[in-house]
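Following: one structure in structure tokens, then a few remarks.
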Amino acid sequence: MIAHTHPYPAIEVKALSKSYGEVRALDGISFEVGRGELFGLIGPDGAGKTTLFRLLTTLIAPDQGSASVDGLDILADYRRIRQRVGYMPGRFSLYPDLTVEENLAFFAALFDVKVRDNYDLIAPIYRQIEPFRTRRTDKLSGGMKQKLALCCALIHRPSVLFLDEPTTGVDAVSRNEFWDILFNLKAKGISILISTPYMDEANCCDRVALINEGKILEINTPQAIVEGFGETLYALSGEDMFGLLEAARRDKEVRRCYPFGETHHLLTSPGFDPRRFAEALTATGFCGVSVRPVEAGIEDVFIKRMGNG
Amino acid sequence: MDDRVISVKDLCKDFGTFRAVDRITFDVHRGEIFGFLGANGAGKTTAMRMLCGLSYPTAGSGTVAGFDVMTQGEAIKRHIGYMSQRFSLYEDLTVWENIRLYAGIYGMTRRQILRRTAELLDRLHFRDEIHTRVGRLPLGWKQKLAFSVATIHCPEVVFLDEPTGGVDPVTRRQIWELIYEAAAGGTTIFVTTHYMDEAEYCSRVSIMVDGQIRALGSPGELKTKFAVQTMDEVFRMLAREAKRGE
């Protein structure tokens with residue numbers, strides 16, 4: 001997964017902090033992204049993900065701490081970093097009044113390359129929007145804009161690719177397609193740092209950092225994060241789900257209860273007995289009550305870490 | 001008694017030769033949480049705009065909150081609540097100023113505004129933040145406030161366009177509990193989302209593909225019909241059939 005032939009990691013972040021006025025956007029975070037790694041930053045809006053991207057792409061300077069990209073320091077070597085990285089910001093930022101092919105040619109010119117130089121890299125993506133190559137960019141659909149933005153970010157064959165929430169507001173099927181594209185880029189040796197608010201996308205990454213309110217809650221492989229949940233999680237279901245939620249919260253042995261799709265998930269005290277609990281609910285009039293252990297997911301871990309539960 | 005808050009039949013919207021919404025027919029009943037799902041480009045936004053009185057259908061018939069979708073867009077707008085994913089509150093106004101502005105737009109009296117504001121602040125535990133600028137609130141708080149403001153005038157139906165997009169998993173659930181509470185109080189909820197676990201929280205869901213409603217029913221019914229375990233699988237099966245590009 002992580003090749004050791006390169007002397008530097010793709011990204012190295014050490015105790016990085018950044019504040020805007022009183023708001024501490026990033027609070028002393030540290031992590032490393034290996035060569036060829038697909039690394040995910042998983043967290044809600046306001047967690048500090050975009051600030052981190054702007055620091056690493058040298059658009060803003062940190063208050064404290066240091067970071068390097070491709071072995072280059074984000075302050076001392078910012079010009080060289082800019083030549084080596086590809087950045088797809090969260091907000092669409094291509095020129096709306098240029099056509100698809102004009103935008104592509106423009107970005108190629110900025111990086112002093114020809115579109116054909118690295119065409120092999122973008123071809124699988126660009127072919128999907130090529131039928132619209134003479135269309136103005138502001139007349140494209142959301143999905144096509146996203147693909148064009150990715151092509152423009154790849155035009156100079158960057159060694160590290162930064163993708164800030166590329167799948168936000170995108171439906172489940174299109175999100176899958178986008179991840180397939182990323183797996184192909186990773187196979188070509190590009191290191192990728194991607195952020196997403198969708199917890200389920202963590203499983204597509206080699207490693208992830210769970211990030212909230214400027215701090216990293218945990219860094220590991222998705223599997224290790226889930227395995228580290230550290231207690232039995234129960235799923236509660238039955239008729240009248242809203243009533244069950246309130247009833248479960250009144251139980252002394254239930255530390256936490258929250259909706260989770262078609263069930264509610266329960267964090268419990270050591271004395272919790274699922275059978276007694278189900279019987280007690282049934283005795284108070286609930287029908288079809290089921291309480292069974294389930295495997296925790298990334299979202300459960302995130303909720304637990306957020307609430308110190 | 002007719003408890004249909006939304007009732008539309010064969011609603012269409014054409015843009016030139018392109019049929020964005022293709023004969024959709026459904027009813028939404030009082031107190032229901034109706035999930036309106038679909039892939040990007042399926043026609044959800046266009047359909048929702050017609051239901052909110054923001055654009056008139058090309059063909060079809062129906063009512064929202066008792067008003068005709070073909071002719072009474074202005075009346076519909078006054079009788080519904082609406083919350084968009086972003087920009088639904090003014091960031092440089094305080095919590096109280098935002099509430100007063102929206103309540104005033106909906107024609108509430110000063111007495112009504114004060115009473116509803118007190119209720120709202122208690123429910124959200126927002127009392128200490130009444131004079132805080134909305135821009136300084138965390139996103140999760142903003143979304144909870146936006147939902148409460150969208151329902152401040154006790155509308156018959158509130159339209160929520162991705163109310164939980166981008167918020168953390170704890171706040172996401174708190175917003176759903178507000179939705180549950182409002183529905184239990186008789187407010188009808190019409191909601192879009194890209195989170196398929198949230199489809200499970202709806203009384204019924206519809207799934208749009210290529211401008212048409214291809215599936216409609218309770219999450220349980222749809223999972224049985226498509227012989228799958230989760231709404232995510234139902235959605236994927238239908239969305240994959242889409243022929244229309246985005």
*Backbone N or O of B:V167 within a donor-acceptor pair of the A:D45 side chain at under 3.5 Å?*
no
_Contacting moiety of A:E213, where chain B heavy atoms sit under 4.5 Å_ = neither
*Atom CE of A:M306 and atom OG1 of B:T171: how far apart are they, to the nearest 0.5 Å?*
5.5 Å
*What class does the angle between the rings of B:Y180 and A:F242 fall in, given that below 30° is parallel, 30 to 60° is tilted and above 60° is perpendicular?*
parallel
*Pick one of side chain, backbone, both or neither for B:P169, based on which atoms fall under 4.5 Å of a heavy atom in chain A.*
both
*Less than 4.5 Å apart, any side-chain heavy atom of B:D197 and any of A:E262?*
no
*B:E162, part contacting chain A, at a heavy-atom distance under 4.5 Å*: side chain
*Look at the side chain of B:D168 and the backbone N and O of A:P44, then say whether any donor-acceptor pair between them is shorter than 3.5 Å.*
no
_Shortest non-hydrogen separation from B:G38 to A:D171 and the atoms involved_ = O-CB, 4.5 Å
_Does B:R23 have more than 12 heavy atoms from other residues, nucleotides or ligands lying within 6.0 Å of its CZ?_
no
_Shorter than 4.5 Å, heavy atoms on both sides: which option in B:R172, B:E200, B:K223 has the most such pairs with chain A?_
B:E200
*Out of A:P259, A:A47, A:P197, A:G46, which one racks up the most heavy-atom pairs below 4.5 Å with chain B?*
A:P259
*Quick one: does B:Y201's side chain have a donor or acceptor within less than 3.5 Å of a partner on A:G261's backbone?*
yes
*Taking every heavy-atom pair that is under 4.5 Å apart, which of B:E198, B:M196, B:R173, B:E181 has the most such pairs with chain A?*
B:R173
_Residue A:N176 versus chain B: region with a heavy atom under 4.5 Å_ = side chain
*Could you please spell out the steps behind the side-chain contact (heavy atoms from CB on, under 4.5 Å) verdict for A:L245 and B:E177?*
CA-CA 10 Å; A:L245 185 68; B:E177 287 183 36; 3.7 Å; yes
*Take B:R136 and A:V23 through the side-chain contact (heavy atoms from CB on, under 4.5 Å) test and state the conclusion after the steps.*
CA-CA 9 Å; B:R136 300 178 67 94; A:V23 181; over 6 Å; no
_Please determine whether the number of non-hydrogen atoms from other residues, nucleotides or ligands lying under 6.0 Å from atom CD of A:E295 exceeds 12._
no
_Show, in sequence, the C-alpha distance, side-chain angles and deciding distance for B:R236 and A:V173, and conclude whether the side-chain contact (heavy atoms from CB on, under 4.5 Å) test is met._
CA-CA 6 Å; B:R236 282 168 202 273; A:V173 172; 4.2 Å; yes
